[in-house]
Amino acid sequence: METITLELTIDETNTILNGLGQQPYIKVADLVHKIQEQGASQLATDTPENHTEKEKELENIISERDGK
């Protein structure tokens, strides 16, 4: 399958995740997980001390959805 790369702000990513959260779980679970994994891996390259409040919010959303 062909892929694309998008550059989104954390707010834009959260908007997408919130919209997906309104859809039936069975339809969007894999996509939500993929977005969360990619977002988490990109945020993990930074030290927590350098994260903005919005980045910390995204980390919390990811952790809550993953049950951590």
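Because the structure is predicted, anything quoted here is derived from the model rather than measured.
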Output for pair (Thr13 OG1, Glu7 CD), nearest 0.5 Å, gives 11.0 Å
Who pairs with Ile16 by side chain to side chain contact (heavy atoms under 4.5 Å, CB included), at least two apart in sequence or on another chain?
-> Leu8, Leu20, Ile35
For residues 25-40, pull every pair meeting side chain to side chain donor-acceptor pair (under 3.5 Å), keeping only residues two or more places apart or in separate chains.
-> His33-Glu37
Output all residues satisfying side-chain hydrogen bond (donor to acceptor under 3.5 Å, both in side chains) with Gln23, sequence neighbours left out; order by chain, then residue number.
-> none
Going only through I, L, V, M, F, W and Y residues with side-chain contacts under 4.5 Å, is there a path from Ile26 to Leu17?
-> no
